[in-house]
Amino acid sequence: MRLRGAILATALLTTPILAIAQPISGLYVGAGAGLHAPQNPKVTASGAGFGTGQLQLNEDFGFNSNLAVGYGLGNGFRFEIEGDFARSDLRHVLGTPFPTASNGTIRTYGVMANALFDIDVGSRWVFPYLGGGAGYQWTKLNSVNSTALNGGFSSSTSTQDGAFALQGIVGASFPIPNVPGLSLTADYRFMDILGGAKYDGVVDNGGVITPSELKLHNQFDHDVVIGVRYAFNVPPPPAPPAPLPTAAPAPAPARSYLVFFDWDKADLTERARAIVKEAADNSSRVQVTRIEVNGYTDTSGIRAYNQDLSIRRARAVAGELVRDGVPRNVITVQGFGQTHLLVATGRNVREPQNRRVEIIIR
């Protein structure tokens, strides 16, 4: 329980303060398989011959597999529905009043709803992620038998039941070069299938056949999963920027200046203030009818947010012009968001030359 709580708390509490995420936008699918390591669940047994009835299923390592369909919001957060299956062999039933030989398989399968966050660590080759999920898992005790080595007692069951489940996920994706949208994935998953599932069986105790019942406590499963993920609408690598068209001669004396901004910022740097000051000084030396202040962003992030960011950048430059002596009534402020790119790129590309404000003196 403590391990489960720590993993889920880490996923939920640290996510908001981590680095800006790899933006996956739209539909994606994934699949994986790997090592299944169950943590020997405890069992309460009722029926003649079980002693205290406090038993433990000693399971061997097994395998797991999963399929997922998800949707990325473009800001690092992803949500998905996952179907999973795991299988392990039973080695022993521990806690019986006498030595036994046991066999059978433990199979679990179910559906989980997961929320995940991809982390941009500044590398094109690896993107860690954290997440958690909740859902429902069915466990089948498939032909589970336990027989006393000295004879006189045996028990068997081959039924299934289900319970709610929680899981924590820590992993990383590795984009495949030259195949936009395709990534290898590797993750560790800790699942807690809550206790309460019940299984009917029979006991042969010295020739007397009676019904029995097994009640599973929490099942703690550790899984290492290797897989692939494909996002459908990842743009291809941007083409080389097209040459800029030759600007038509201005019909009146005009000067233009470009002020650049850091990513997701509307604050003026010292270099930016110097450019604004130069524009303000030159506007006093020519005939001016108006000064256009137009804000732009690159294509990373959400379109509506970028529109607002472009306006904030334009207002910051206009305010600096006024402080440098330009009359406010000759300034017009506009924001164009992620349109009219200076450098042509695809969606969700951080391009410094597109994060700008253009000052045009008419």
Flag side-chain contact, heavy atom, 4.5 Å: [X] against [Y]:
{"X": "Gln54", "Y": "Lys42", "value": "no"}
{"X": "Thr147", "Y": "Thr100", "value": "no"}
{"X": "Leu55", "Y": "Leu94", "value": "no"}
{"X": "Ile169", "Y": "Tyr188", "value": "no"}
{"X": "Ile226", "Y": "Thr185", "value": "no"}
{"X": "Ser173", "Y": "Arg229", "value": "yes"}
{"X": "Asp267", "Y": "Thr269", "value": "no"}
{"X": "Phe79", "Y": "Leu116", "value": "no"}

Are any side-chain N or O atoms of [X] and backbone N or O atoms of [Y], one a donor and one an acceptor, separated by less than 3.5 Å?
{"X": "Asn75", "Y": "Phe77", "answer": "yes"}
{"X": "Asn354", "Y": "Val343", "answer": "yes"}
{"X": "Tyr199", "Y": "Thr139", "answer": "yes"}
{"X": "Asn145", "Y": "Ser143", "answer": "yes"}

List in chain and number order the residues that pass salt bridge (Lys or Arg N to Asp or Glu O under 4.0 Å) with [X], two or more places apart in sequence or in another chain; answer none if no residue qualifies.
{"X": "Arg78", "result": "Glu80, Asp118"}
{"X": "Arg107", "result": "none"}
{"X": "Asp324", "result": "none"}
{"X": "Arg315", "result": "none"}

Minimal non-hydrogen separation, [X] against [Y], with atom names:
{"X": "Gly162", "Y": "Ala197", "value": "O-CB, 4.2 Å"}
{"X": "Gly301", "Y": "Asn348", "value": "N-OD1, 3.5 Å"}
{"X": "Gly74", "Y": "Ser25", "value": "CA-OG, 3.2 Å"}
{"X": "Phe261", "Y": "Val357", "value": "CE1-CG2, 3.5 Å"}
{"X": "Val225", "Y": "Ala33", "value": "CG1-N, 3.6 Å"}
{"X": "Ile361", "Y": "Tyr257", "value": "CD1-CE1, 3.9 Å"}

CA sep, side-chain torsions, deciding dist, call: Asp200, Lys198, salt bridge (charged side-chain N to carboxylate O under 4.0 Å, His left out) | CA-CA 7 Å; Asp200 296 326; Lys198 297 178 180 180; over 6 Å; no
To the nearest 0.5 angstrom, please state how far the [atom1] atom of [X] sits from the [atom2] atom of [Y].
{"X": "Asp221", "Y": "Gln137", "atom1": "CG", "atom2": "CD", "answer": "8.5 Å"}
{"X": "Ser300", "Y": "Arg350", "atom1": "OG", "atom2": "CZ", "answer": "6.0 Å"}
{"X": "Asp264", "Y": "Leu309", "atom1": "CG", "atom2": "CG", "answer": "6.0 Å"}
{"X": "Thr332", "Y": "Ile291", "atom1": "OG1", "atom2": "CD1", "answer": "9.0 Å"}
{"X": "Leu214", "Y": "Leu141", "atom1": "CG", "atom2": "CG", "answer": "6.5 Å"}
{"X": "Ile311", "Y": "Asn306", "atom1": "CD1", "atom2": "CG", "answer": "11.5 Å"}

Using the six-membered ring wherever Trp is involved, compare the ring planes of Tyr230 and Phe232 and label them parallel, tilted or perpendicular (cut-offs 30° and 60°).
->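 Correct class here is perpendicular.
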Can you list the steps and then say if Asn64 with Asp84 is a side chain to side chain contact (heavy atoms under 4.5 Å, CB included)?
-> CA-CA 7 Å; Asn64 67 71; Asp84 60 77; over 6 Å; no
Check whether the side chains of [X] and [Y] place a donor and an acceptor atom closer than 3.5 Å, and report yes or no.
{"X": "Thr108", "Y": "Gln219", "result": "no"}
{"X": "Asn114", "Y": "Gln167", "result": "yes"}
{"X": "Ser102", "Y": "Ser146", "result": "yes"}
{"X": "Asp187", "Y": "Tyr129", "result": "yes"}

For Lys277 and Asp281, what are the C-alpha separation, side-chain angles and deciding distance, and is it a salt bridge (charged side-chain N to carboxylate O under 4.0 Å, His left out)?
-> CA-CA 6 Å; Lys277 182 67 165 61; Asp281 292 344; 3.0 Å; yes
Members other than Ile81 in its cluster, when Ile, Leu, Val, Met, Phe, Trp, Tyr link by side-chain heavy atoms under 4.5 Å?
->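 When side chains under 4.5 Å apart are linked, the cluster holding Ile81 also contains Val111.
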Ring centre gap for His222 and Phe190 strictly below 6.0 Å =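 Yes, close enough.
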Partners meeting side-chain hydrogen bond (donor to acceptor under 3.5 Å, both in side chains) with Arg87 (sequence neighbours left out) =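 Expected list: Asp89.
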In chain order, what residues pass the side-chain hydrogen bond (donor to acceptor under 3.5 Å, both in side chains) check against Arg273, with sequence neighbours excluded?
->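 Partners of Arg273 under the side-chain hydrogen bond (donor to acceptor under 3.5 Å, both in side chains) test: Glu320.
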Which pairs, with at least one residue in residues 282-329 and sequence neighbours excluded, count as a ring pair (Phe, Tyr, Trp, His ring centres under 6.0 Å)?
->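 Ring pair (Phe, Tyr, Trp, His ring centres under 6.0 Å) check on residues 282-329 returns Tyr296-Phe336.
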Contacts of Arg124 that satisfy side chain to side chain contact (heavy atoms under 4.5 Å, CB included) - sequence neighbours left out |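 Per chain and number, Arg124 pairs via side chain to side chain contact (heavy atoms under 4.5 Å, CB included) with no residue.
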Verdict with reasoning, Lys215 to Glu213, per salt bridge (charged side-chain N to carboxylate O under 4.0 Å, His left out) | CA-CA 7 Å; Lys215 181 178 179 181; Glu213 181 183 84; over 6 Å; no
Mind checking ring pair (Phe, Tyr, Trp, His ring centres under 6.0 Å) for Phe174 and listing every partner two or more places apart, or none if nothing turns up?
->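 So Phe174 forms no ring pair (Phe, Tyr, Trp, His ring centres under 6.0 Å) with any residue.
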Could I get the full list of ring pair (Phe, Tyr, Trp, His ring centres under 6.0 Å) partners for Phe153, not counting sequence neighbours?
->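 Applying ring pair (Phe, Tyr, Trp, His ring centres under 6.0 Å) to Phe153 gives Phe50, Phe98.
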Intermediate values then yes/no, side chain to side chain donor-acceptor pair (under 3.5 Å), Thr44 and His217 = CA-CA 8 Å; Thr44 297; His217 297 205; 2.8 Å; yes
So which of Arg303, Arg347, Lys265, Arg355 actually passes salt bridge (Lys or Arg N to Asp or Glu O under 4.0 Å) with Asp298?
->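 Only one of Arg303, Arg347, Lys265, Arg355 forms a salt bridge (Lys or Arg N to Asp or Glu O under 4.0 Å) with Asp298, namely Arg355.
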Go through Val202 and Ser156 one step at a time and tell me if the side chain to side chain contact (heavy atoms under 4.5 Å, CB included) criterion holds.
-> CA-CA 6 Å; Val202 295; Ser156 64; 3.5 Å; yes
Verdict with reasoning, Thr299 to Glu351, per side chain to side chain donor-acceptor pair (under 3.5 Å) | CA-CA 8 Å; Thr299 62; Glu351 173 50 55; over 6 Å; no
Scan for salt bridge (charged side-chain N to carboxylate O under 4.0 Å, His left out) pairs involving residues 49-73, sequence neighbours excluded, and state none if there are none.
->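 Listed by first then second residue: Asp60-Arg91.
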